[in-house]
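Presented below is the structure to which this report refers.
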Amino acid sequence: MSTGSNKAILVLEDGRTFVGQGIGADSDAAGELVFNTSMAGYLEILTDPSYVGQMVVMTYPHIGNYGIHPEQMESERPGAEAFIVRELSVPQGHWRATGSLEELMRACGTPGIHGIDTRALTLHIRQAGPLRAILSRTELDPNPLLERARSLPRMEGRDLVSGVTCREPHDFGAPPGAGRPLLGVYDFGVKRAILQQLAEYFALRVYPSNVPAKEVLADSPVAVFLSNGPGDPAALSTPISNIKSLLGRVPITGICLGHQLAALAIGARTYKMKFGHHGGNHPVQDLTTGSVRIGVHNHSFAVDEKSLPPGVRVSHRSLNDETLEGLACDDPPLWTVQYHPEASPGPHDGYDLFPAMKDWLLNRIG
Amino acid sequence: MPPRTDIHHIFIIGSGPIVIGQGCEFDYSGSQACRALKADGYEVTLVNSNPATIMTDPDVATRTYVEPLTLETVTRILEIERPDVLLPTMGGQTGLNLGADLAREGVLDRLKIEMVGAKRDVIERAEDRSLFKKCVESIGLQVPASGYARSEAEAHAVGETLGYPLIIRPSFTLGGTGGGVAYNREEFHDAVQRGLRESPRHEILIEESLLGWKEFELEVMRDSADNASIICTIENFDPMGIHTGDSITVAPAQTLTDRELQSLRDGSLALIRAVGVETGGSNIQFAINPRNGDLRVIEMNPRVSRSSALASKATGFPIAKIAARLAVGWTLNEIRNEVTGETPACFEPALDYVVVKMPRFNFDKFPGARQTLGLEMRSVGEVMAIGRTFREALGKAVRSLETGTDGLDLPPENIPDGLSEEERRSFLESQLVEATPDRLWWLAEALRQDFSVEECAEASRIDPWFVDQVAQMVMLEKKISLSADSLDEDLLRKAKRSGLSDATIGRLSHRDEKEVRELRRRLNVWPVFKRVDTCAGEFEAITPYFYSSYEEETEVRDVDDRSILILGSGPNRIGQGLEFDHGCVHASLALKKLGVRSIMVNSNPSTVSTDYDVSDHLYFEPITIEDVLPIIEAERPEGVIVQFGGQTALKLAGALAEAGIPILGTPPEVIDLTEDRGRFQVWMESMGLLQPESGAALTVEEAIALAKAIGYPLIVRPSYVLGGRAMRIVYEEDELLAYLQEAWRAGAGRAVLIDRFLEAAIELEADAISDGESTIVVGVMELIEEAGVHSGDSAAALPPHSVSPDIVETVKDLVRTLSRALGIVGLMNMQFAVKDGQVYVLEVNARASRTVPFVSKTVGLLVAQLATRAMMGIPLAESGLTADPEVKHVAVKEAVMPFRRFRDVDTLLGPEMKSTGEVMGVDLDFPTAYVKAQLGAGMALPHSGRAFLSVRNEDKPALVALAEELHRMGFSILATKGTAGAIRAVGLPVERILKVREGGPNIVDRMINGDVQIVINTSLGRSTVRDAYWVRRAAVDLGIPYTTTIAGASALVRGIQRLKERPLVPQYLQAFLKEQARLQGTA
Ligand SMILES: Nc1ncnc2c1ncn2[C@@H]1O[C@H](COP(=O)(O)OP(=O)(O)O)[C@@H](O)[C@H]1O
Ligand SMILES: Nc1ncnc2c1ncn2[C@@H]1O[C@H](COP(=O)(O)OP(=O)(O)O)[C@@H](O)[C@H]1O
Ligand SMILES: [Mg+2]
Ligand SMILES: [Mg+2]
């Protein structure tokens, strides 16, 4: 239950409002609404930089049950603009917990609302599609808030990466060595879990999103990895042109936003989905082996399969709605996935993809 | 891959009678499996001895053998049927063990039958502790440290290495029977002795204790293409050490981080692969140390289970149905998720609600049994509730239990007064430490009395998150008491969102339940309905499976068509089990056939009625007036059917009628009249109908006088208790006085009913349907035990095997007379006692009875469906029912008792029902059907050996004839003094044996030594009854066929005779029914 008892209001651009109680920081928030269906892993979700610009509705009603575990944070601070939950728990002593979700939100300036009918909100988003909204703890009159919600910029065309990418190139994990080739990582808001998974197989050098391709190539990585990140891929013209210059010179892999950027670089198109995929329970079929794995998803945009140039294969597909979940190409060498094999949170079925990617990369470079 | 085309015929084993630990969840699973495979075009043959199931309805499988689940019988059936494959994973542990035995004995190889779902080696790897340990270790996980012992010395050596407390588990007993915990040397010594004795192989497993760890279960599915997923995670509210079946459990897991959950998931998937379950569902149990996160694997069930049924209801993912289809080669991605209609079944359900399951105990039926919960399961049923918060779900679960509580408050008399502050605290603490069925209520009480969350969690080892949830409920209770006069919308909504019932709120604010409801209505604090959709709202759901919550938006729409609401029967308990669910399901099917939308309300996750496939709309809700009224408002049904849901549904009839809601069929006043014994007796008298002499007494003097007037023995019961509870036969005044004292301690001033006990009377039972004009008696059964043994505990034969046709006609006339006089529309059940040629009416039930499924199966009529049509105003004749059905074969029902689970209680049968389940035997004559029923109930009748006879004087003449017959069949005879004398008098050889009190070696010693194969022991009066206690107890514990009535003995002897004549031949139910239809010219 909330420690604060003050009211909060959520006003959607189509006029629907939800009144509940404020949680976390005392501030207001604005953004596009998305819902996530994971039943645990609220901390990983909240701190995922891909959620910048979005307010996350958790469909599972009890959130915060086991407190805060810093090693499970995907970045230093919440990515989501606000957290919308049915009921915030006061954690009760998980042996590793260092604090409560409410404390973290407060410390990081992330507001939230609880006590509202999150299922009604979820169904509304499912039907209405991406909606802009304002969460306010100061102004409770819906009319001015509605105006504000309507004047918010839309996701499409927004570059949200510059706010979350790293400032300087840096190394992650153990240095290069025998069997540990160097992988260049473009950071568009990379999740810590991705770096950790990659670091199992590679030495990593992480670059800010706008670093020119030749600077990356100068470090002679065996391949370049394009990370996840927030917002509309089509708005990221600098990264796209960087990727274009990398294509064919070095194998490319990527996850989520990185996958979308690679697709744009080879001339495919991306589109905004109705309400995206955000959760840890979707079936993803590996079209090479036919096997189906439970995938972790977090994307509001997707690659338009019809726009793929010749020679590019679909490697993975969502069995729920046929969305393209991975693409591969031999020339230029490229293999990227839309879903999140690093999980965090969610099923670990995708873990196998990292060694598979490594094998694939090493095969490309002989 | 399409379903396998190389196979055509699939054989499924059911789970047999309902016993503690194996309930009607396997009817739900099994009927799903049968239906799904039939729909896929396969021929499906089923064997299951339990007639009360939906799965044994003749239209579910292609052929249905209602035959004993023994290796011998099933082998014979397989020889007849020659199926291509055997699916052993649908029938609980019984089905799995039988499947493994059939494989081990070479039957499957010989008949070239393939095992699907779980093969023999898989079953062995999952069930054999040492093989299982290897599998677990091969994937990098651990099982609790343990060692086997075959002697006390070995046990001590193992115990030494592990340290106290120790867990002792006998090998090869079912469902943890005989397991225990030892905290010290002395207890260890006792537990080892007992364990070694209980184990058929004289072997025990001694295990490291994980008491107080957190317990979790995962439900896993895997297909032949190696796609695997987790359907549900379940967290136990109660810690390790309390059987999951007896624990409050919660889905999904609440207190684990994603990393921890994923490590359980990774472990489960690795384990299902290591054990090698190729297709289907498995249940895997884990323990986690709350202090450091250490993980242990407890066990794995490579089959559908109680938890998989729960998980199916909790998530909307039908595990059994899908497991069955995976077994024939479908893969998860080829099967559709029926709830969304579009997405594939290859996913993991996402919940946006909380599910709470609570066990239903029945210790009240077993006075003297220790109520401590532990490693052995004791609960007889369960309820499930869905809410948007844990508290909302817990509150609903509590009021679904029907244990007389509608909140977390204890009856005040439970809390001892006059304690000092310190004594009070230590008393409360002890209630938290020791797990009993009431622990949740004690937890609330401790919190109410200012125990902190940490203190409670420490004492109970319940996770503090759960304790805090209960603390929040208690806090709201306090707030309500404080603002009793000014309850506002905000507080009421908070209370309802936290699961407080109207009754609780009323008690705290000095209102009655109805006033609280009206207040809520005024303030618009009213529940809405949400859907269970498997996907947390991500996709549109097409399955109308609902639960209520105090939220903003409802999802129930389109309710303008004609609809009828059916009230289910709630949790299973002794006396009200799946027989009632069977009726509810058929009522729903009948409505659907009539084109009327059926709406089901029930709270029991194990049932078929709560399968979202059964009814047009399903509400998983408590069956209370508080919870049912909003459903009625949302659905606007034409009427409500209360006849099928047992007491659970009947109880609501009055309040529903008062609220102006039409009750279909027999009017509530009539139901009321028949349930109120005092009033009913008066009414019967006014009708001039014969009942045992009786009267009601309010004082001891009245009772004594009445007893004198009627004459002993008497049958006594409180007027206010239904369902045979607290009934007793008393033989003399002392006993009567003792009874009265007990009865009036609880509820002074309420009448005690005193009837003449009709000794040595034959009891008959009849079921009938009426449309208000004509009444059809669908079955008259003769009970095999005499009157005085509850009809639910007695074996019964349909048609009667000994009474004359005249008596049967008299009975039918009585049924018709009463049906007309009472104005029955729908079902009716009556019990009669026949003594000295006179037919007495014992009871009338204006509702569906326990015997309806048995009768339906025997006579080949869908009795509950016909009754539903009658309630809908369709004359019986229009449904094709113009005459009482005649049966050409014989069916025998036998009851199955739970005494093995209750070590310290008497096993004597009496007027209070104690059985948990039943089996049916069917054949062309009575003795054969009887033997089949006995075998089905687990009584292997001996061909030879020694019979022990000890009977009361009245039974001696009859006994002598039986002794002669036993002797003729080659049995030697043991008897106690008096009985031996009577037998010797007719010149039969007999060995006299001492009674227990007479010294040793006595009869019990001989039984333990394996010298006795049959026990016939009838008792009279309290003292002889007590004398024979040890004999009956030993017979139960040792599995020796025994009977406590002469009528039962004679059936037993006839059965043995029959068994020796020629082998039993299994036959499927549809064959009997077809032959019968042919004879009646209706085919
Ligand atoms: N080593 C142990 N320490 C403490 N409790 C245990 C231990 N092993 C099992 N239990 C408890 O006993 C219950 C029954 O054990 P289980 O192996 O699941 O047998 P069953 O076949 O009856 O389900 C478990 O649910 C758990 O609570
Ligand atoms: N007067 C009686 N004489 C002999 N047996 C009786 C008498 N009354 C009841 N019984 C026995 O007690 C059992 C339970 O009584 P009944 O009235 O049917 O209660 P319930 O509501 O539990 O079915 C009956 O099945 C019958 O065997
Ligand atoms: Mg178990
Ligand atoms: Mg009765």
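A, B, ... follow the sequence lines: proteins, then strands. Residue 1 opens every chain.
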So, the part of A:Phe275 with a heavy atom under 4.5 Å from chain B: the answer is side chain
Any donor and acceptor pair, going by atom type alone, linking the side chain of B:Asn227 with main-chain N or O of A:Val292 inside 3.5 Å? yes
Side chain, backbone, both or neither: which part of A:Gln285 has a non-hydrogen atom closer than 4.5 Å to chain B? side chain
With a 4.5 Å limit on heavy-atom distance, are the side chains of A:Leu319 and B:Phe347 in contact? no
Side chain, backbone, both or neither of B:Phe466 within contact of chain A (heavy atoms, under 4.5 Å): neither
Select one option (side chain, backbone, both, neither) describing which atoms of B:Thr255 are under 4.5 Å from chain A's heavy atoms. backbone
Against chain B, label A:His69 side chain, backbone, both or neither, depending on which of its atoms sit under 4.5 Å from a heavy atom there. side chain
Proximal component of B:Asp226, with respect to chain A [non-hydrogen, under 4.5 Å]: both
Carefully, step by step, assess B:Trp465 and A:His62 under the rule ring-ring contact (aromatic ring centres under 6.0 Å, His included). CA-CA 11 Å; B:Trp465 189 85; A:His62 285 290; 4.9 Å; yes
Which portion of B:Arg388 sits near chain A, non-hydrogen atoms under 4.5 angstrom: both
Under 4.5 Å from any heavy atom of chain A - which part of B:Leu269: side chain
So, the part of B:Ala253 with a heavy atom under 4.5 Å from chain A: the answer is neither
Nearest 0.5 Å please: distance from the CZ atom of A:Arg86 over to the CG atom of B:Asp352. 11.0 Å
Answer with side chain, backbone, both or neither: which region of A:Ser38 has an atom nearer than 4.5 Å to a non-hydrogen atom of chain B? neither
Honestly, the part of B:Arg497 sitting under 4.5 Å from a heavy atom of chain A is side chain
A:Arg126 side chain vs B:Gly537 backbone, donor-acceptor pair below 3.5 Å: yes
Under 3.5 Å side-chain donor-acceptor pair for B:Glu553 and A:His124: no
Region of B:Gln469 in contact with chain A, defined by heavy-atom distances below 4.5 Å: side chain
Counting only heavy atoms closer than 4.5 Å, note whether A:Arg293 contacts chain B via side chain, backbone, both or neither. side chain
Judged by modelled atom types alone, do A:His278 and B:Glu538 share a side-chain donor-acceptor pair under 3.5 Å? no
